[in-house]
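Because only heavy atoms are used, hydrogens play no part in the values below, and waters and symmetry mates are left out as well, while side chains stay in. This one's a predicted model, so the numbers in the text were calculated from it and none came from an experiment. Letters go in sequence order (proteins before strands), and every chain restarts at 1.
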Amino acid sequence: MAKAASKTNTKPAVATFAGPLDGKRMARDSVSLELAAPCSRTALRADNKSLAAVSKVVGVALPKKANQSASTESRHALWLGPDEWLILDFASSDNPIVPEPDDSKYSAVDVTHRNVAINVEGASAEAVLAAGCPRDLRVAAFPVGSCCRTVFGKAEIILWRRDETTFHVECWRSYANYVWGFLADAANDAG
Amino acid sequence: MRKFSALSLAREALRSHKGWDRQWSSPELKKSYDVIIVGAGGHGLATAYYLAKEHGITNVAVLEKGWLGGGNTGRNTTIIRSNYLYPESAGLYNHAVKLWEGLSQELNYNVMFSQRGVMMLAHSVHDVQVAKRHIHANRLSGVDNEWLTPEEAKAYCPPLSISKSARYPVMGAALQRRGGVARHDAVAWGYARAASDLGVDIIQKCEVTGIVRDASGAISGVETSRGPISAKKVGVVAAGHTSVLMAMAGLQMPLESYPLQALVSEPVKPIFPCVVMSNAVHAYISQSDKGELVIGAGTDSYLSYSQTGSLHILTHTLDAICELYPMFSRMKMLRTWGGIVDVTPDRSPIIAKTPVDGLYVNCGWGTGGFKATPGSGHVFAHTIAQDRPHAINTGFHLDRFRNGRLIDEAAAAAVAH
Amino acid sequence: MTGSNRIAGYGEVSRSKPVTFTFDGKTYQGFEGDTLASALLANGVHLVGRSFKYHRPRGFLSAGPEEPNALVGISRDKTRSQPNVRATIQELYDGLIAESQNRWPSLTFDVGAVNDRFSRLFPAGFYYKTFMWPRSAWDKLYEPFIRRAAGLGHSPTEADPDRYSNRYAHCDLLIVGGGLSGLTAASEAAKSGKSVILCDENPVLGTGLRSDLRTKFSGKSARVHLNKLIETVRSAENIQVLTRTTAFSYLAQNMVALAERVTEHQASPESDAPRERLWQVRAQKVILATGAIERHMVFDGNDKPGVMLANAAQTFLARYGVAVGAKVGVYTATDTAYAAAIALHQAGIQVPVIVDARSGTLSAIGEEARLLGIKVVNNAFIKRVNGRLRVQSMVVEHQGTRETFDVDAIITSAGWTPSLHLFSQSRGKVAWDQETRRFLPGDYAQECQSIGACNGTDTIAELISEAVSAARWGIGSRARAKPKIPEIEDEVPASGGMIGADKGAGPDNPVKAFVDFQNDVTAKDIRLAVKEGFHSIEHVKRYTTTGMATDQGKTSNLHGLAIAAEALGKDIPEVGLTTFRAPYTPVSFGTFVNHNKGELFDPTRKTSIHDWAVEQGAAFEPVSLWQRAWYFPQDGEDMHAAVARECKTTRKIAGIFDASTLGKIEVVGPDAAEFMNRLYTNSWTKLGVGRLKYGIMCREDGFIYDDGVVGRLGENRFHVTTTTGGAPRVLNHMEDYLQTEFPDLKVWLTSTSEQWAVIAVNGPKAREIIAPLVEDIDFSPDALPHMSVREGKICGVPTRLFRMSFTGEMGFEINVPSNYGRAVWDAIWDRGAPIGMVPYGTETMHVLRAEKGYIIVGQDTDGTVTPHDAGLSWAIAKSKPDFVGKRGLERPDLKADGRPQLVGLKSLDGKTVLEEGAQITNRMNPSGPVDIQGFVTSSYWSETLQSPVAMALVNGGRSKMGETLFVPMVNETHKVEVCDTVFLDKEGGRVHG
Amino acid sequence: MLLIRCPYCEQDLPELEFANAGEAHVVRSSDMVGLSDEEFETFFFIRENPKGISFERWRHVHGCGRFFNAARDTVSDTFLLTYKAGEPKPSLDDLEGQKK
Ligand SMILES: Cc1cc2nc3c(=O)[nH]c(=O)nc-3n(C[C@H](O)[C@H](O)[C@H](O)COP(=O)(O)OP(=O)(O)OC[C@H]3O[C@@H](n4cnc5c(N)ncnc54)[C@H](O)[C@@H]3O)c2cc1C
Ligand SMILES: NC(=O)c1ccc[n+]([C@@H]2O[C@H](COP(=O)([O-])OP(=O)(O)OC[C@H]3O[C@@H](n4cnc5c(N)ncnc54)[C@H](O)[C@@H]3O)[C@@H](O)[C@H]2O)c1
Ligand SMILES: Cc1cc2nc3c(=O)[nH]c(=O)nc-3n(C[C@H](O)[C@H](O)[C@H](O)COP(=O)(O)O)c2cc1C
Ligand SMILES: [Zn+2]
């Protein structure tokens, strides 16, 4: 039966953060999977005219072409569409990093909790991703720093190549277990 | 026409089958006909047969751009059932099933109509509600359709996995025992033979390239790859190519043509006794009398007249097949192919007169018209002969897209096939 | 038994590595490197199967993938069995278990063989002509009989335990076929820096030429040349070599699908290695080097065990050191069979005679055979073959005279058929070459070239230069240098031959001369089809089933075509080929499925609170991709009891519900309100900041598409909620209009469905339970009235607090960032549980909202229901000039009287819970088809009202209030009264607590 | 699986990232309410469905998210051209030229 409450305090402790892949890790000979470091995320939308101004607000020069990403120390802007960027900040684990617009230059929506990221690292990282992603991920076609929204198996992901053999794979929260499971199954073969 | 029977077969065996004659003649093309049917698929041939048989109109030509039965009729997974939701649909498809039941004798051609039962799986509470809605509606309109528990479904189809831990557990099924399959080629050949015997001219390799109208705007004939032919009435029964043909008469249609694929496995000993459909996971399967598993896939997302589809569509279907029947994972795909299905906005067919005098159209069967072949031909023949619809197809007119009176089997969460 | 038919000094098998296997329970020995076929032949086993229709004894026709006869069942254990495996490609491994098929009780004595006796009764298409009388006998007798005869092998009956995998690959050049031409092309592309994939279905490369012991390359054997090429190719970094890998489908835009057999040849595969791997290769350029397939001669008894292709016999000798017989007769219409005969002869096998169908003077190699003492008769044919389970002798007819030769095997060749399967799948057009009488690649439809045997290039010298220039095209190299071609000696070009039946099986010979072996199609079957009016080759195929067996007519299609053409009195190209379709050879379903099984068949979406529900023993229901808590049974409760308790308690005290799966969309921008005005039927302009509104979305046709509560967080910011299943399509629908119809509007849409966990707390005690957890939000009723939203903190984390109700009770929907969802839920639970709050699931939610007459889109509507039908006219802003669906709603039928309208139903007996989906009539005992008035959309037992509640769509329903209608079930008919949809708290006081 | 050039990403990308969105250049009237039933039927139900060059909409839904237009040959399934939403409909004759 529904267990009754242990205590009935009025001022509860601040809620603790719990993600779907907490503590997950897997390693094969030539590839490893692990939950990426925590970061804050903002879905940023803005049109061309205001890029310069918005770049100032964000603190990163927003890239203008497909697959491009731009970075400062801890903050990264990933091009997702002509008027869309995903802003990641690894310095802050969880709070809105782009202020809501006072004017109507752009739209900033905090999606820190919407997504979960997995690091796929190792010589076979590309092959493991190739089990479910139909894009051409060879370095020539998808150089270091490239990013895009794409598919992995039956899930949508955001893919970001951090170096030749390291990919940052981001998906919606409720798809995380699926994406992890698929990556793990692929690692059994390609890893 | 030489009668087919065990006896005639035995007699011929004794003289090494020298006595058989042509199953249909290949006559010279005449200059003029009373009625021209465009398209020698099952529906077109059936239409011609019933025109001759029931309306005494024998000066009929069926024009076929390729080989008869080579369209969707020759490409379909042959599922036959009539447990549709709306009275109009149930009436039409049930009319067909009644004709199927006597078709081999009617045509003196064994079309191997096998009433092995069609089972439609429910995988969610919503599926169950929809299935029940169909079952109750069908019962009241005299169409058999019954509810099975997962265990009963398993008993009816032993290879089915009803594991509770399945991704989409089977929560029950709707079974139509009178449903089943038939030998698709035999249907086309049987109608061709019977129609030809009644005097219908079946002209293959004759593509209709134009539809000719007189000053009054009424139909006066067609242009073909083999020259012009005159006729007062033209019935277009061209499935995937309907839009192309109607455009020749200046009519635009509420139709889109998509690739639909199917595949067969290597032949194996009997393992799958019935027909099972799952719309939630897109998998339709039965076993042919030769032993292959016959599996229907989904449509591609784009228009195409290429009779080929994409690999990922097949893959998706086989995912589902192996999820529902894990034992088939080691079976091998023997062949895959595609057809061109003409889809209407409400997934119901159009069997109607058109705004053009003398022009009639039978189309929009999409992914599920084989089952209707005899009924469709029967009421379409009536529509052409009498210049007004048969009671059974009155609802399937073109006006519904103007006044909104759709017969939306799709929206009502009913399905293909 | 050990292989008594091995010939010393021949073959590539490792004789130091013996391997044992069983066939039909008998144990045999072979060697590593054998195929099952070569090992059985080494043991003198020719009889391996029975044909489909006549159950005729069959042996090996070929040594390769084209094999139609030698199909066996292979199994490792009872979960790992596989029917219809071609013994000619199955590599031998220690412990392999093989079974023959389609015979009973045994292979040598098969009852089914009576069909052969009465075969005259079973010509092509016989079943269309009989089994029709009496009508009733069809279901009872004939059909079961026909169905029992189905199939060859047996389907597996247990779930497949093995893994499969997938790889998307991209390359500059894909070369299909690792024979001489493929290898030559690949070695030219080596070190080019371009990425190249070379695949071949065989375990070794260079197969075509490996069985050629005769041709010399600059004085050396062909193998020396091959090995040099292989060395170059294998060592090149830019080339990925995939053996045991069949290119089975050539798709649009140079996508080629390959099936790699990873473990089929291993005795004990690693546990987690995939059995097969699917490769989906996207190539800039494709080179087809798929070779040619030898055709058999069509003559009486050509299917008997011991009759096989000449090249097969040569291959068994050259690659496996196996003699297919001690005395081998030859029947040919082409020179390559002489080469085979000479090879056999040189290996010490007796070759009593070469029968050549051709007339005229002997070719050079014919003379060579003569000089070796082999009798050569030309302008002759095999009249008959004696022997039942194995060839014993053959009767040769030569200008009217007959001579019988004792032989234990016959090798035949009618010539070579270029493999056009993939070329044709690529939508290239084949062209008939009148001079060599064969089909060759014509117009190409994609970035693709054919080389070698599949391109009809017969001499090695031509083949090499062709391969080199194709490779240069493939890697975009501008090299001009003439390829260096070794000096070729003793070559026997594979040109010429015949198509169709030879004299012995001519039009008026009623003999059994097989065209398609597996389906038992003879020359006379094809003639019969033509006689019966099946003039299109497609009809001939379907009426006789020629080319429809597992080998897809690789050896038979041309013969069938030629015989049909002859019967029609037409030229072969006039009659034409049937369509080549994927797969080139059969491919396991598992390979297509690869990773997508079990857990990975489809994503299973779970909320951040899911595990809590699991801990509480909740039952779940799938809703789109989500798993949602359905109800929370307590010690032994069934669903009904649990739901009754959850409902009662929620209305009396409080209930907590996980609503996280609701779709959420953040609509931001200066034109946000105007955008909402155009996409929803309601008006949003006047909605105040901090207020909520229930919105309805239609499609252009005016039917309800989705609904949900929308909150205005700021002048330019809306928090929109959608149905769980509708979330993706609603966002797509909004984006579509925003991008393509209203680009003038400055609005941005962002999905926040998963940013927010949503905890709904409903019931009289709801406020008291959550208030203490909340900071910076004034909870007083007028500060936070029904249908309003505030932003603040709960348990120290941000929240968007919705005051709203889908139950009719005072309700709150607490949005918190997902990763805090579980913690906040626990905190609320800790406060609520002690005062009796219950968790409830989707079923209780459905009941509670039904008592209030709130609709569920998709249950009370089905895509044919307008807002008016659903009784939601109040939610349509008449004043708006336009919104999506406004015009659609004006169509005649959508305004007509008598449309289905949503109403409530009371069971007159006060206790019957109607079945959802049950139909409604206006007559008590309808007999036969009746006029259906509507159907029940929602129906539950209301614990609160102690009566059933139901909603239904009834024709003209709202004008029938108070009327009695009928719900006919199988055994009884229920009486119902039409009533308002709101059953509880009509004045709506409870939401205020 | 088709290979589709997204005019916004300016790359050829796998079909799995895209969703077909039906016939292109079907204009939604600025005066919907003023449409006759026949005009509404034409707008909402009637489709070209050509055998040959079809103008159709695609969305790079699992990519940049943009809707765009394409001219594709429905017989060979090959794309002749893709272009951004709002750009004018290319002329058929020019396109016929490039057909394989
Ligand atoms: C893969 C697949 C699976 C299916 N599964 C099922 C199923 O399980 N159950 C079911 O009930 N239905 C199924 N269907 C649908 C069913 O096949 C069709 O609805 C039905 O066969 C249509 O028959 P028809 O005679 O109208 O069309 P067709 O058989 O296509 O005949 C139309 C004919 O018109 C000819 N034609 C076209 N243009 C011209 C012209 N200009 N001049 C002359 N002739 C022309 C064509 O060549 C063709 O032969 C399936 C379809 C496909 C493709
Ligand atoms: N010209 C002829 O008709 C003919 C006939 C017999 C032998 N030969 C000799 O054969 C050689 C011809 O060389 P070649 O390379 O053109 O042919 P080949 O037969 O040597 O090589 C073709 C290779 O491609 C493989 N293959 C075919 N389809 C495949 C598919 N879909 N997927 C994967 N692999 C596939 C075959 O198994 C074979 O290994 C020469 O030595 C020639 O003398 C030619
Ligand atoms: C019900 C059904 C069963 C089939 N069985 C087989 C079969 O056993 N072997 C085969 O090669 N093709 C089989 N086919 C497919 C046909 O060979 C062919 O692919 C199909 O009629 C489409 O024609 P096309 O491929 O020539 O375009 C079958 C088709 C159908 C509709
Ligand atoms: Zn894009």
Side-chain angles (χ1 to χ4, degrees), chain B residues 4-6 9-10 13 16-17 20 22-24 67 70 87 104-105 109-110 114 124-125 129 132-133 136-137 140-142 167-168 185-186 266-271 289-291 311 314-315 318-319 321-323 326-337 403-405 408 411-413, chain C residues 82-84 120-121 123 126-132 135 143 146-147 150-160 251 257 510 528 532-533 536 538-539 542 550 581-583 586-590 592-593 596-597 601-602 621-622 862-864 891-894 916-919 929-930 932 935:
Chain B
F4 286 163
S5 71
L9 196 60
S16 50
H17 301 278
W20 298 118
R22 288 184 171 188
Q23 297 197 2
W24 52 81
W67 40 284
S104 295
Q105 291 70 21
Y109 208 97
N110 194 342
S114 160
S124 67
V125 174
Q129 290 162 338
K132 294 272 179 84
R133 183 182 171 191
H136 290 301
L140 292 183
S141 37
R167 177 63 184 80
Y168 294 102
D185 291 326
E266 292 184 336
V268 286
K269 294 291 172 200
I271 180 82
D289 290 350
K290 251 176 70 239
L311 179 61
L314 291 176
T315 304
L318 289 172
D319 292 354
I321 289 292
C322 293
E323 176 71 8
M327 66 170 65
F328 292 150
S329 164
R330 296 174 96 88
M331 293 280 287
K332 297 191 226 75
M333 178 199 282
L334 171 59
R335 185 176 174 104
T336 144
W337 64 93
N403 62 25
R405 182 137 196 57
D408 207 331
Chain C
Q82 194 195 163
N84 307 339
R120 285 160 154 273
L121 281 173
F126 74 96
Y127 30 79
Y128 301 126
K129 295 177 173 145
T130 179
F131 301 133
M132 289 179 278
R135 165 78 183 77
E143 208 216 344
I146 293 175
R147 284 174 75 181
L152 291 166
H154 289 277
S155 159
T157 52
E158 310 216 0
D160 183 354
L251 297 128
L528 173 63
E532 292 195 73
S536 157
E538 297 288 1
H539 282 150
R542 288 163 178 80
T550 59
R581 292 278 190 183
V587 178
S588 304
F589 286 2
F592 293 90
V593 175
N596 306 308
K597 61 189 214 179
F601 169 58
D602 238 357
E621 70 160 325
D862 68 1
T864 67
R891 293 177 297 158
D893 191 62
L894 280 71
E916 285 166 352
Q919 303 292 302
V930 295
I932 291 170
F935 74 103

Engineer: So for C/Ile932, is it side chain, backbone, both, or neither that comes closer than 4.5 Å to the heavy atoms of chain B?
Structural biologist: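 Only the side chain of C/Ile932 comes within 4.5 Å of chain B.
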Engineer: Does any backbone or side-chain atom of C/Glu158 lie under 4.5 Å from a heavy atom of chain B? Answer side chain, backbone, both or neither.
Structural biologist: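 Only the backbone of C/Glu158 comes within 4.5 Å of chain B.
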Engineer: Out of C/Thr157, C/Thr130, C/Val587, return the one with the most heavy atom pairs under 4.5 angstrom to chain B.
Structural biologist: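 So the answer, after comparing C/Thr157, C/Thr130, C/Val587, is C/Val587.
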Engineer: Are the side chain of B/Asn110 and the backbone N or O of B/Ser104 linked by a donor-acceptor pair below 3.5 Å?
Structural biologist: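 Not confirmed, B/Asn110 side chain does not pair with B/Ser104 backbone.
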Engineer: For C/Leu528, is it the side chain, the backbone, both or neither that has a heavy atom under 4.5 Å from a heavy atom of chain B?
Structural biologist: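 The side chain, not the backbone.
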Engineer: Please check: side-chain N/O of B/Gln105 versus main-chain N/O of C/Arg135, any donor-acceptor pairing under 3.5 Å?
Structural biologist: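 Answer holds: no.
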Engineer: Counting only N and O atoms by type, is there a donor-acceptor contact under 3.5 Å from the side chain of B/Lys269 to the main-chain atoms of C/Ala150?
Structural biologist: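 Pair found, side chain donor or acceptor close to backbone of C/Ala150.
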Engineer: Under 4.5 Å heavy-atom distance to chain C, tell me which part of B/Ile271 shows up: side chain, backbone, both or neither.
Structural biologist: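 The answer is the side chain of B/Ile271.
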Engineer: Does C/Phe935 have B/Arg133 sitting over its ring (NZ/CZ under 6.0 Å from centre, angle to axis within 45°)?
Structural biologist: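 Yes, cation above the ring, under 6.0 Å and within 45°.
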Engineer: Among C/Ser588, C/Ser536, C/Ala159, C/Pro622, which has the most heavy-atom pairs under 4.5 Å with chain B?
Structural biologist: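 Counting heavy-atom pairs under 4.5 Å, the top option is C/Ser588.
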Engineer: Give, as side chain, backbone, both or neither, the part of B/Glu266 having an atom under 4.5 angstrom from any heavy atom of chain C.
Structural biologist: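 Both backbone and side chain.
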Engineer: Does any backbone or side-chain atom of C/Ser155 lie under 4.5 Å from a heavy atom of chain B? Answer side chain, backbone, both or neither.
Structural biologist: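 Both the backbone and the side chain of C/Ser155 come within 4.5 Å of chain B.
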Engineer: Counting heavy atoms not belonging to C/His154, are there more than 12 under 6.0 Å from its NE2?
Structural biologist: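 Counting other residues, nucleotides and ligands, NE2 of C/His154 stays at 12 neighbours or fewer.
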Engineer: What residue, out of C/Pro583, C/Ala918, C/Gly533, C/Pro83, has the most heavy-atom pairs lying under 4.5 Å from chain B?
Structural biologist: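 The candidate making the most pairs under 4.5 Å is C/Pro583.
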Engineer: How many angstroms lie between CE in B/Met333 and CG in B/Leu314, if you round to the nearest 0.5 Å?
Structural biologist: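 Spacing of CE (B/Met333) from CG (B/Leu314) equals 5.0 Å.
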Engineer: We want to know whether B/Tyr168 and C/Asp602 form a side-chain donor-acceptor pair, criterion being a heavy-atom distance below 3.5 angstrom.
Structural biologist: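 Distance-only check passes for B/Tyr168 and C/Asp602.
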Engineer: Relative to chain C, which of B/Met331, B/Lys290, B/Arg330 shows the most heavy atom pairs under 4.5 Å?
Structural biologist: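 Among B/Met331, B/Lys290, B/Arg330, the one with the most close pairs to chain C is B/Arg330.
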Engineer: Using a cut-off of under 4.5 Å on heavy-atom pairs, state which of B/Arg167, B/His17, B/Lys132, B/Arg405 scores highest against chain C.
Structural biologist: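 Highest number of pairs under 4.5 Å: B/Arg167.
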Engineer: Which of the residues C/Glu916, C/Gln82, C/Glu538 is involved in the greatest number of heavy-atom pairs with chain B at under 4.5 angstrom?
Structural biologist: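 Result: the option with the highest number of such pairs is C/Glu538.
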Engineer: When only pairs under 4.5 Å are counted, which of B/Ser124, B/Ser16, B/Ala137 shares the most heavy-atom pairs with chain C?
Structural biologist: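 Highest number of pairs under 4.5 Å: B/Ala137.
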Engineer: Is it the case that the side chain of C/Asn84 and the backbone of B/Val268 share a donor-acceptor pair, with hydrogens and angles ignored and the cut-off at 3.5 Å?
Structural biologist: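 No, the answer is negative, given that no donor and acceptor are paired below the 3.5 Å cut-off.
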Engineer: For chain B, find which of C/Arg891, C/Met132, C/Lys597 contributes the most heavy-atom pairs closer than 4.5 angstrom.
Structural biologist: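 Heavy-atom pairs under 4.5 Å are most numerous for C/Met132.
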Engineer: Quick check for you: to the nearest 0.5 Å, what is the distance between B/Trp20 atom CH2 and C/Glu532 atom CD?
Structural biologist: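 Between B/Trp20 CH2 and C/Glu532 CD, I get 7.0 Å after rounding to 0.5 Å.
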Engineer: Among B/Gly291, B/Pro270, B/Pro87, who wins on heavy-atom pairs under 4.5 Å with chain C?
Structural biologist: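 Maximum pair count with chain C is reached by B/Pro270.
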Engineer: Under 4.5 Å from any heavy atom of chain B, what part of C/Leu251 do you find: side chain, backbone, both or neither?
Structural biologist: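 Side chain only.
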Engineer: Between B/Asp319 and chain C, with a heavy-atom cut-off of 4.5 Å, which part of the residue counts as in contact: side chain, backbone, both or neither?
Structural biologist: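 The answer is both parts of B/Asp319.
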Engineer: Name the member of C/Arg120, C/Glu621, C/Arg147 that forms the most heavy-atom pairs with chain B at distances under 4.5 Å.
Structural biologist: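 Of the candidates given, the most pairs with chain B belong to C/Arg147.
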Engineer: Please work out whether the ring planes of B/Tyr109 and C/Tyr128 are parallel, tilted or perpendicular, with thresholds of 30° and 60°.
Structural biologist: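 Ring orientation of B/Tyr109 relative to C/Tyr128: parallel.
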Engineer: Taking the side chain as C-beta and beyond, is there a heavy-atom pair between B/Phe4 and B/Gln23 under 4.5 Å?
Structural biologist: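 Yes - at least one pair of side-chain heavy atoms lies under 4.5 Å apart.
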